[in-house]
Engineer: 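Structure below; questions to follow.
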Amino acid sequence: MKNRPILEIIGLRKAYADNEVLKGIDLEINPGQLVFVIGPSGSGKSSLLRCCNRLEESSGGQILIDGDDITASNANLNRIRQKIGMVFQHFNLYRHLTTLDNVTLALRKVQKLSNEKAEKIGLDALARVGLQDKAKSFPDQLSGGQQQRVGIARSIALAPKVVLFDEPTSALDPELVGEVLKVMQELKNDGMTMMVVSHEMGFARAAADHVVFMDQGVIVEQGKPEDVFGAPSQPRTQAFLARISH
Amino acid sequence: MKNRPILEIIGLRKAYADNEVLKGIDLEINPGQLVFVIGPSGSGKSSLLRCCNRLEESSGGQILIDGDDITASNANLNRIRQKIGMVFQHFNLYRHLTTLDNVTLALRKVQKLSNEKAEKIGLDALARVGLQDKAKSFPDQLSGGQQQRVGIARSIALAPKVVLFDEPTSALDPELVGEVLKVMQELKNDGMTMMVVSHEMGFARAAADHVVFMDQGVIVEQGKPEDVFGAPSQPRTQAFLARISH
Amino acid sequence: SKPLVTGVDATFAPHAMPKLGGGIQGFNVDLGHALARQLGTTIEIEGTEFSGLIPGMNAGKYDFVLAPTTVTEERAKNMWFSEGYLNTDYSFVVAASTPSFDSLDALKGKTIALNKGSVYEAWARENASKYGFKYDVYATNADALQAVQSGRAFANMAGNTVSAWAVKQNPKVKVAFTLSTGRVWALAFRFGDKETRDKVSMALKCLKQDGTIARLSEKWFGVTPEKGSVPVTVGVGHGVPGIEGYDPTPVELKCD
Amino acid sequence: MDFEALAFTFFNLNVIKTYFPDILAGMLVTIELGLVVSVTGIVLGLGLAMLRALQWRFLNFFIICFADILRAIPPLVVIMVLFFAFPYLNLSMSAFTATWLSLSLVLAAFAEEICWAGIVSVPKGQAEAARSTGLSWWQSMVYVVVPQALRLTVAPLTNRVIAITKSTALGSVVGLSEVLNNSQSAMSASGSATPLMMGALGCLVIFIPVVLLGRWTETRFAWKQ
Amino acid sequence: MQEIYYNFFNFEIYKEVFPYLLDGLWMTLLLSALVIPVGVISGLGIGILSITLTSRWSRTLLAIYIDVFRALPPLYLLIFIYFATPFLGIDLPKMLAVVLGFMLNNSSYYGEIFRAGLQSVPHGQVEAARSTGLSAMQTLWHVQIPQATRNVMPDLISNTLEVVKMTTLASAVAMPELLRVARDAQSLVYNPSPIVLAALIYLALLWPIVRLLSRLEHRKLGGGH
Ligand SMILES: Nc1ncnc2c1ncn2[C@@H]1O[C@H](COP(=O)(O)OP(=O)(O)OP(=O)(O)O)[C@@H](O)[C@H]1O
Ligand SMILES: Nc1ncnc2c1ncn2[C@@H]1O[C@H](COP(=O)(O)OP(=O)(O)OP(=O)(O)O)[C@@H](O)[C@H]1O
Ligand SMILES: [Mg+2]
Ligand SMILES: [Mg+2]
């Protein structure tokens with residue numbers, strides 16, 4: 001079982017009405033891997049991530065998380081979702097709750113932990129992102145970088161098997177990007193499995209185990225970062241990489 | 001008069017309550033120049049721009065636009081503001097108006113042009129940013145890059161003497177940044193005077209005539225882009241440049 | 001036995017009005033209690049709005065309407081009445097400084113103020129053009145009288161008993177003229193509810209017979225009814241003669 | 001179930017025939033009053049909200065007091081004071097005027113709060129963009145901020161307009177013959193509860209279009225995506 | 001001027017009727033304590049239905065419910081519920097009838113307010129909550145409702161003020177509250193001072209609440225200078 005991938009995406013399809021935006025995606029993520037997904041706007045990157053914890057219903061294929069099929073109609077969604085964290089571009093912190101309450105809400109309400117236990121775990125998670133002293137602050141009192149770090153703490157507090165990041169730094173001032181990437185790097189070092197959609201190529205080169213280039217709903221090219229970035233084999237990949245490094 | 005700067009900032013100070021965020025800024029911008037302003041978050045870049053068209057009241061010093069003192073208590077604000085355009089980080093397009101109406105509102109209401117004249121000028125401005133076919137669209141129907149280009153059209157439609165850009169691309173997907181920078185480059189080629197706050201160093205190297213590095217309310221270093229970026233003389237500048245190119 | 005339940009509109013002094021210490025009082029409230037005593041039972045009298053009284057009675061929430069109700073042919077199409085227990089004449093109340101008058105001609109060109117939904121409103125509607133006056137209707141008689149005080153109306157027309165009370169309370173107004181009408185106040189019952197009507201009417205007859213009504217008139221209006229007037233004259237049948245719902249069968253008085 | 005008795009009480013045909021004209025006349029008064037109250041109330045409320053956006057301390061204090069007081073006291077009292085007390089100051093007004101003015105003030109108080117919330121919700125950048133192109137403060141309010149604010153206010157304003165227009169019934173204290181009063185008068189005169197039913201139906205006829213108009217406006221002015 | 005004092009600010013009458021008005025105040029408080037929570041909770045239910053129902057039919061039915069009960073004058077609703085139900089063989093206790101009548105009316109008003117509030121919560125909030133495993137109900141309760149409530153606090157306050165004042169209608173089914181008691185007292189002394197006194201009591205009761213709640217909102221101005 002050691003070799004079993006944590007996340008297995010098999011022939012995944014997704015259509016909005018008549019518009020098919022994922023046209024059969026196959027992807028495996030092994031424990032401890034950081035998979036980096038790039039691709040032009042509208043290529044389906046977000047849709048892929050959102051299908052993985054069923055924020056969107058897929059229209060075909062399967063997604064297995066640690067062996068559980070999240071696309072099954074009888075899947076215990078709320079349980080499986082605990083295994084798969086998600087970090088959003090716009091943080092989506094609960095504005096009415098303190099940082100700590102943001103992090104502990106699911107612990108208290110889904111895992112039904114006592115307040116003390118949840119708080120302990122929550123403070124640990126905040127410590128991992130370097131924000132234990134902001135536990136009592138509200139999101140509106142934090143900078144964007146801090147908010148995103150709380151967003152990360154919120155998802156790792158649940159001890160997920162894999163965390164999905166959807167452009168975690170693209171709503172941030174360039175100066176604040178670094179602090180978030182640093183936290184992600186530390187998670188990676190601690191052995192967390194991650195799938196990251198981002199345009200931070202520098203980070204991808206440094207931290208990714210595997211890079212996936214998507215376009216128009218299919219995986220066009222994938223491989224080690226040095227291969228995909230250094231010597232892309234597909235013209236579409238080449239064009240894209242040229243474009244974003246204006 | 002040919003040599004007279006279009007924008008002259010003389011000993012500008014700005015305080016929010018007790019917190020002085022601009023501590024005597026002196027800066028001149030000559031016709032056709034593109035001045036690039038960089039600096040860490042909170043250093044006062046936005047405050048500087050906002051004082052220039054008096055969205056904020058300065059607390060000391062003078063700002064002369066084409067010879068008119070905009071900080072004078074009897075300044076005819078609405079007239080002077082026509083001479084100085086502003087492009088915002090979050091576009092700030094009027095959501096309830098079409099693209100064309102966004103561009104023509106001030107022409108119709110401030111310059112009191114007839115609808116036909118205003119439309120003609122508006123369509124010209126939209127054409128300059130490559131969006132004449134989106135005249136009847138609403139902002140929510142456009143991509144971020146398109147919205148920002150409309151924002152630029154809105155300010156150049158008034159034929160300003162100088163346009164201020166406050167992080168015009170930092171709310172955009174990396175893929176969309178290029179199209180906005182391209183428009184800015186074209187403006188520069190057409191001889192528009194501009195002051196730009198941005199983190200797009202590549203663009204600064206290519207297009208800026210002059211780079212200003214601010215920190216804690218003062219100008220720490222300034223000069224040609226190759227000097228400031230290539231061989232910064234101040235430790236603060238060096239640290240900042242190192243930080244944002246993680 | 002089950003207590004009688006009824007309601008009054010407590011904005012109708014001195015027939016029904018609040019007791020400042022709590023509860024309600026007035027001629028009709030006393031009348032209600034006397035009726036109950038006569039019937040060997042008790043009575044619950046609720047202070048409510050006139051709008052709630054008629055639907056309340058039809059719905060069976062109230063056994064009858066105790067609030068002073070002037071008998072009219074029109075109302076008799078939808079409810080039954082007991083015989084009258086008081087005459088109701090119409091008094092015109094004016095500002096204290098206005099001279100008294102002795103005929104309706106004095107109203108020519110003037111505005112009078114009335115209580116909404118009252119017989120006075122109906123009267124005014126019929127007679128407005130004849131005497132050349134205008135009229136406004138107000139939510140309560142107190143509002144109508146306020147209109148006179150504010151100079152918005154020349155006179156307020158209301159039942160003589162009510163006007164007498166108002167004048168006693170408020171030295172800035174006075175009764176200028178009283179019009180006799182021959183109308184009576186009676187208890188109102190559900191249309192066709194013969195059993196309750198006959199039972200309560202019988203008790204009313206007894207109260208006339210033993211002088212209770214006359215005593216209440218003295219207590220609340222300071223007026224001793226003349227011999228032969230409605231408060232002291234027991235009618236032959238149940239109801240008001242000449243009005244729908246009248247049962248002319250002579251009634252044999254049975255009072256305990 | 002006693003349908004016959006129910007019908008006799010609430011759906012008495014004879015009574016309906018007799019009082020139909022009265023109810024109709026009352027409906028006209030309600031519609032007329034409702035229309036003028038809505039217009040003046042909303043315009044006044046919007047104006048106050050805009051003035052409040054000027055943020056002049058002294059003025060704001062009065063606007064807030066106005067809104068608080070008129071929202072907290074029963075409109076009945078406002079009507080009575082205007083109608084009965086003002087004549088002593090030689091300011092006499094008709095029942096219609098007094099009711100119109102009072103309800104307009106009350107609606108203005110509510111509308112001010114609603115519009116203010118709407119104005120606050122428009123991002124600061126909108127006004128800044130307008131100001132930076134040379135629009136005056138007033139122009140940026142009128143052409144940019146308020147049109148966007150109003151979208152948010154349609155739903156709560158509809159609620160309030162209906163509620164306030166229904167309280168035209170309070171006009172009865174000053175002798176105004178609108179639909180609810182006429183139905184109550186008719187009930188009292190006829191001794192039947194049927195006119196109440198007629199009044200209620202009359203209200204439905206008047207207000208359902210208002211509600212539908214509110215819903216329509218809301219969808220019509222949703223942001224074009 | 002003296003006339004105004006005599007008729008509206010008559011301290012002797014104030015003193016005389018004050019204890020009596022207090023009885024009415026208790027009834028107002030009691031009614032409010034029952035009617036407001038029921039209205040808010042049922043309104044929340046309607047608001048939640050408004051954003052969750054998807055089928056055309058159920059949405060139309062809900063809209064009809066909301067619109068009819070917003071359009072019907074609550075006085076008639078009360079009268080019909082209390083006085084028409086006996087014909088159907090149901091005998092509702094007074095209190096229940098009042099609560100039910102107000103519930104029908106208030107749930108539509110509060111329902112529209114909560115709908116607007118729930119719609120104003122960004123969808124990302126829901127997604128974040130669901131992605132951590134919170135169920136739909138938990139998301140609603142812990143994330144959407146608290147934020148929605150904040151966003152529509154001004155409307156909630158305004159509407160609640162209206163509801164407190166509206167409890168006066170309960171006097172139609174013989175539950176005399178503050179304003180009604182003041183009207184009775186006015187008719188007793190033939191002087192409108194008790195009404196003004198009642199208004200002052202309302203003001204004393206409601207104003208602090210309004211101010212306090214407004215404080216909690218932390219609203220900032222968006223409309224630039
Ligand atoms: N809710 C939706 N309804 C309909 N179409 C949608 C929806 N969400 C996304 N799409 C469409 O699906 C396609 C893929 O969208 P997706 O957001 O997955 O792309 P992306 O790669 O994440 O792009 P970006 O870089 O802009 O975030 C796009 O064409 C988009 O218009
Ligand atoms: N309205 C305000 N009230 C009080 N302080 C303010 C206000 N606006 C800005 N400041 C403060 O002024 C300082 C300078 O802010 P400014 O926005 O000019 O910086 P900046 O260089 O544009 O930063 P960024 O890169 O984050 O946009 C900061 O410390 C900020 O907190
Ligand atoms: Mg995306
Ligand atoms: Mg800035």
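So that the names make sense, note that chain A is the first sequence line, chain B the second, and so on, each numbered from 1.
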Engineer: Would E/Arg150 and E/Gln147 count as having a side-chain donor-acceptor pair, cut-off 3.5 Å?
Structural biologist: no
Engineer: Quick one: of D/Arg160, D/Met80, D/Arg215, who has the most non-hydrogen atom pairs under 4.5 Å with chain E?
Structural biologist: D/Arg215
Engineer: If you count heavy-atom pairs under 4.5 Å with chain E, which of D/Ile206, D/Leu180, D/Leu89 comes out on top?
Structural biologist: D/Leu180
Engineer: Contact part of D/Phe84 toward chain E, heavy-atom cut-off under 4.5 Å: side chain, backbone, both or neither?
Structural biologist: both
Engineer: Who wins among D/Pro74, D/Pro156, D/Ser167, D/Cys203 for the most heavy-atom pairs under 4.5 Å with chain E?
Structural biologist: D/Pro74
Engineer: Side chain, backbone, both or neither: which part of E/Tyr109 has an atom under 4.5 Å from a heavy atom of chain D?
Structural biologist: both
Engineer: Is it true that the side chains of D/Arg71 and E/Ser158 contain a donor and an acceptor less than 3.5 Å apart?
Structural biologist: yes
Engineer: Ignoring hydrogens and angles, state whether a donor on the side chain of E/Tyr6 or E/Asn191 is under 3.5 Å from an acceptor on the partner side chain.
Structural biologist: no
Engineer: Heavy-atom distances under 4.5 Å only: say whether D/Met50 touches chain E with side chain, backbone, both or neither.
Structural biologist: neither
Engineer: Please classify the contact of E/Leu75 with chain D as side chain, backbone, both or neither, using a heavy-atom distance under 4.5 Å.
Structural biologist: side chain
Engineer: Pick whichever of D/Ala72, D/Pro75, D/Ser183 has the most heavy-atom pairs under 4.5 Å with chain E.
Structural biologist: D/Ala72
Engineer: Side chain from CB out, backbone as N, CA, C, O: work out which of these in E/Ile66 comes under 4.5 Å of a heavy atom of chain D, or both, or neither.
Structural biologist: side chain
Engineer: Is chain E contacted by the side chain of D/Leu70, its backbone, both, or neither, given a heavy-atom distance below 4.5 Å?
Structural biologist: backbone
Engineer: For E/Asp67, is it the side chain, the backbone, both, or neither that has a heavy atom closer than 4.5 Å to a heavy atom of chain D?
Structural biologist: both
Engineer: What is the ring orientation for E/Tyr14 with E/Phe11, classed by angle as parallel under 30°, tilted 30 to 60°, or perpendicular over 60°?
Structural biologist: perpendicular
Engineer: Measure distances from E/Ile195 to the heavy atoms of chain D and classify the residue's part below 4.5 Å as side chain, backbone, both or neither.
Structural biologist: both
Engineer: Could you tell me which portion of E/Val68 (side chain, backbone, both or neither) has an atom closer than 4.5 angstrom to a non-hydrogen atom of chain D?
Structural biologist: both
Engineer: Using modelled atom types and a 3.5 Å cut-off, is there a donor and acceptor pairing between side-chain atoms of D/Ser177 and backbone atoms of D/Asn182?
Structural biologist: no
Engineer: Indicate whether the side chain of E/Asn159 and that of E/Glu162 have a donor and an acceptor atom separated by less than 3.5 Å.
Structural biologist: no
Engineer: Do D/Ser185 and D/Ser188 meet the criterion of a side-chain donor-acceptor pair at a distance under 3.5 Å?
Structural biologist: no
Engineer: Whether the E/Gln144 and E/Gln125 side chains hold a donor-acceptor pair (N or O, under 3.5 Å, no angle test) is what I'd like checked.
Structural biologist: no
Engineer: Picking from E/Asn105, E/Ile113, E/Leu179, which has the most non-hydrogen pairs under 4.5 angstrom with chain D?
Structural biologist: E/Leu179
Engineer: Who wins among E/Leu206, E/Leu178, E/Val210, E/Leu72 for the most heavy-atom pairs under 4.5 Å with chain D?
Structural biologist: E/Leu72
Engineer: Ignoring hydrogens and geometry beyond distance, is a side-chain donor-acceptor pair present between E/Asn151 and E/Ser120 at under 3.5 Å?
Structural biologist: yes
Engineer: Could you tell me if E/Ser107 and E/Tyr65 have a donor-acceptor pair between their side chains, going purely by distance under 3.5 Å?
Structural biologist: yes
